[in-house]
Amino acid sequence: MMNLPSGENLEMNIQDLMIPSERVAHVQVGNTLEHALLVLTKSGYTAIPVLDLEYKLKGLISTPVILESILGLERIEFEKLEQNRVEDVMNPSIPRVTLTSSAHSGLELLVNHPFICVEDSDGFFEGILTRRAILKMFQQSLNSNEK
Ligand code: 2BA
């Protein structure tokens, strides 16, 4: 539950708002940068989670980070796409909440991150909470107040 400036209480549950893991584009530890770039390009997302074989969160990989890692001094070193693995370049610092975290803590993290990862109490990946989902929920709440 969250209090809006109007005094209204907003019911907000991380589990209800998140995109479930089966609908989240991701890569796994051990995948090549080439594979990650394919997934990122085909999905259309800028950054996606990196999971281990047990489905636990390990980091985030993004197109800019991959491109930066293959920039040589005089040329783009395309061969590195096949040689290097996602864990070599991923960002291990992951904004995350658990299924039972308060929606408020999720909202605070989304100020500085386009999405945050959701995990269960054992650290298994459950899904992501995006800015879009939160904004949509606020928009629906405003619309219903105007009626
Ligand atoms: P970005 O990829 O930078 O996308 C920024 C925003 O652009 C998204 O905001 C969404 O509104 C739109 N967008 C980008 N690609 C899209 C696509 N293929 N289909 C529909 N809309 C698209 P959010 O929806 O708030 O997502 C925030 C961030 O969460 C995304 O940043 C992306 O990094 C991640 N994300 C969202 N949905 C995902 C999914 N199903 N799998 C993996 N990552 C996802």
Side-chain angles (χ1 to χ4, degrees), residues 1-6 8-71 76-145:
M1 184 99 76
M2 186 175 291
N3 292 323
L4 290 177
S6 63
E8 182 199 359
N9 286 325
L10 203 56
E11 289 283 355
M12 205 166 81
N13 179 316
I14 287 188
Q15 191 148 17
D16 294 344
L17 292 172
M18 75 177 186
I19 299 177
S21 57
E22 60 273 17
R23 286 179 34 218
V24 176
H26 69 274
V27 290
Q28 283 187 312
V29 166
N31 287 159
T32 61
L33 294 186
E34 184 177 33
H35 176 78
L37 198 53
L38 275 171
V39 175
L40 283 159
T41 307
K42 289 207 166 185
S43 66
Y45 296 115
T46 317
I48 54 176
V50 180
L51 307 179
D52 70 10
L53 299 181
E54 286 191 295
Y55 240 59
K56 288 189 174 177
L57 280 164
K58 288 293 153 188
L60 299 178
I61 190 96
S62 66
T63 306
V65 160
I66 294 177
L67 295 182
E68 171 73 32
S69 78
I70 62 169
L71 280 189
I76 298 176
E77 297 167 349
F78 287 107
E79 63 279 9
K80 283 189 173 169
L81 287 175
E82 269 183 74
Q83 291 163 358
N84 292 346
R85 312 271 145 186
V86 288
E87 58 271 32
D88 300 329
V89 302
M90 71 184 183
N91 180 357
S93 144
I94 312 169
R96 59 177 99 195
V97 291
T98 66
L99 283 172
T100 53
S101 297
S102 74
H104 202 153
S105 60
L107 189 59
E108 269 175 12
L109 284 168
L110 283 170
V111 171
N112 290 319
H113 303 278
F115 72 98
I116 52 177
C117 293
V118 184
E119 57 191 3
D120 71 10
S121 52
D122 295 318
F124 292 103
F125 180 62
E126 287 283 342
I128 60 172
L129 188 61
T130 64
R131 281 182 181 159
R132 183 171 186 273
I134 295 282
L135 285 171
K136 204 169 149 191
M137 191 248 342
F138 274 113
Q139 188 213 15
Q140 282 167 352
S141 164
L142 288 174
N143 284 349
S144 61
N145 274 353

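Because the structure is predicted, anything quoted here is derived from the model rather than measured. All residue numbers in this chain count up from 1 along the given sequence.
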Are [X] and [Y] side-chain neighbours, meaning at least one heavy-atom pair lies under 4.5 Å?
X      : Y      : value
Thr130 : Ile19  : yes
Met18  : Leu99  : yes
Phe138 : Asn143 : no
Val97  : Ile14  : yes
Val24  : Ile48  : no
Leu60  : Pro95  : yes
Thr32  : Arg85  : yes
Ile128 : Pro49  : yes

Which heavy atom of [X] sits nearest a heavy atom of [Y], and at what distance?
X      : Y     : value
Ile94  : Lys58 : CD1-C, 3.6 Å
Val86  : Ala36 : CG1-CB, 3.6 Å
Cys117 : Leu57 : CB-CD1, 3.5 Å

* Asked: Does any pair with a residue in residues 109-134 pass ring-ring contact (aromatic ring centres under 6.0 Å, His included), and if so which ones, sequence neighbours excluded?
  ->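 Counting only pairs at least two positions apart or across chains, no ring-ring contact (aromatic ring centres under 6.0 Å, His included) contact touches residues 109-134.
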
* Asked: Which pairs pass ring-ring contact (aromatic ring centres under 6.0 Å, His included) with one or both residues in residues 32-56, sequence neighbours excluded?
  ->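 As it turns out, the ring-ring contact (aromatic ring centres under 6.0 Å, His included) pairs with a partner in residues 32-56, which skip direct neighbours, are His26-Tyr55.
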
* Of all residues at least two apart in sequence or in a different chain, which pass the side-chain contact (heavy atoms from CB on, under 4.5 Å) check with Pro92? ->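 Testing Pro92 for side-chain contact (heavy atoms from CB on, under 4.5 Å), a comparison that skips the adjacent residues, returns none.
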
* Could you give me the CA-CA distance, side-chain angles and deciding distance for Val29 and Leu51, then say whether side-chain contact (heavy atoms from CB on, under 4.5 Å) is met? => CA-CA 6 Å; Val29 166; Leu51 307 179; over 6 Å; no

* **Steps toward side-chain contact (heavy atoms from CB on, under 4.5 Å) verdict (Thr98, Val118)** => CA-CA 5 Å; Thr98 66; Val118 184; over 6 Å; no

* Sequence neighbours excluded, every pair satisfying salt bridge (charged side-chain N to carboxylate O under 4.0 Å, His left out) that has a member inside residues 23-32 ->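 Listed once each, the pairs would be none.
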
* **Those residues that, when tested against Glu87, pass salt bridge (Lys or Arg N to Asp or Glu O under 4.0 Å) (two or more places apart)** =>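 Per chain and number, Glu87 pairs via salt bridge (Lys or Arg N to Asp or Glu O under 4.0 Å) with no residue.
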
Please answer whether the main-chain N or O of [Y] pairs with a side-chain N or O of [X] as donor and acceptor at a distance below 3.5 Å.
X      : Y      : result
Asn31  : Gln28  : yes
Ser141 : Met137 : no
Ser105 : Ser101 : no

More than 12 foreign heavy atoms under 6.0 Å from [atom1] of [X]: is that the case here?
X      : atom1 : result
Lys80  : NZ    : yes
Arg131 : CZ    : yes
Glu79  : CD    : yes
Gln15  : CD    : no

Can you measure from [atom1] ([X]) to [atom2] ([Y]) and round to the nearest 0.5 angstrom?
X      : Y      : atom1 : atom2 : value
Ile116 : Leu129 : CD1   : CG    : 4.5 Å
Gln140 : Lys136 : CD    : NZ    : 6.0 Å
Ser69  : Glu77  : OG    : CD    : 9.5 Å
Ile66  : Leu81  : CD1   : CG    : 7.5 Å
Leu67  : Leu40  : CG    : CG    : 9.5 Å
Ile70  : Asn84  : CD1   : CG    : 9.5 Å

* Asked: Glu119: what forms a side-chain hydrogen bond (donor to acceptor under 3.5 Å, both in side chains) with it, not counting sequence neighbours?
  ->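 Glu119 satisfies side-chain hydrogen bond (donor to acceptor under 3.5 Å, both in side chains) with Arg96 once adjacent residues are dropped.
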
